Amino acid sequence: MRLRVEFTTEPFDLDEAPTHAVVAREVIQGAELDAVDVGPFGNTAEGGADEVLTAVDALLRRALASGATRVSLQVNVIGGDAQ
């Protein structure tokens with residue numbers, strides 16, 4: 001099964017990316033995922049279920065430890081069999 005994760009971290013800072021946002025992006029960019037797209041208002045990545053779920057776990061733990069007060073995320077099943 002393939003999954004797509006979309007996420008944002010808060011609080012926002014339009015002048016400079018906060019540490020928690022940088023850390024979250026580094027987690028996703030360093031994971032074994034494909035179709036990674038990072039931006040100032042949202043980030044997406046796709047990959048196998050195990051890889052996405054492992055990355056989401058690390059993303060949540062590291063972003064919160066780095067000062068995020070809120071992490072919004074959505075995980076969708078894309079293509080393939082949803083078992």
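Source: prediction; values computed, not measured. If you read the sequence from its start, that first residue is 1, and numbering goes on from there. Heavy-atom basis, side chains included; hydrogens, waters and symmetry copies ignored.
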Indicate, with yes or no, if F7 and V77 share a hydrophobic cluster defined by side-chain heavy-atom contacts under 4.5 Å among Ile, Leu, Val, Met, Phe, Trp and Tyr. yes

Hey, could you give me the CG/CG distance between L73 and L60, rounded to the nearest 0.5 Å? 5.5 Å

When the side chains of residues 24-33 are checked against the rest of the protein, which donor-acceptor pairs come out under 3.5 Å, sequence neighbours left out?
residue: R25; atom: NE; partner: N43; partner atom: OD1; Å: 3.4
residue: R25; atom: NH2; partner: G39; partner atom: O; Å: 2.8

Could you work out, with side chain to side chain contact (heavy atoms under 4.5 Å, CB included) as the rule, every residue matching D50, not counting sequence neighbours? none

If you look only at distance, which donor and acceptor atoms sit under 3.5 Å apart when one is on a side chain in residues 63-71 and the other is two or more places apart or in another chain?
residue: S66; atom: OG; partner: R62; partner atom: O; Å: 2.9
residue: T69; atom: OG1; partner: E10; partner atom: O; Å: 3.4
residue: R70; atom: NE; partner: S72; partner atom: OG; Å: 3.4

Among residues two or more places apart or on two chains, list those pairs meeting side chain to side chain donor-acceptor pair (under 3.5 Å) that have a residue in residues 14-23. T9-H20

Check whether any side-chain heavy atom of T44 lies under 4.5 Å from a side-chain heavy atom of V5, and answer yes or no. no

Under the salt bridge (Lys or Arg N to Asp or Glu O under 4.0 Å) test, which residues partner D57, sequence neighbours left out? R61

Smallest separation among heavy atoms of A45 and V36, with atom names: CB-CG2, 3.9 Å

Heavy-atom distance under 4.5 Å between the side chains of N76 and L3, does that happen here? no

Please name all residues satisfying salt bridge (Lys or Arg N to Asp or Glu O under 4.0 Å) with E46, sequence neighbours left out, ordered by chain then number. R2, R4

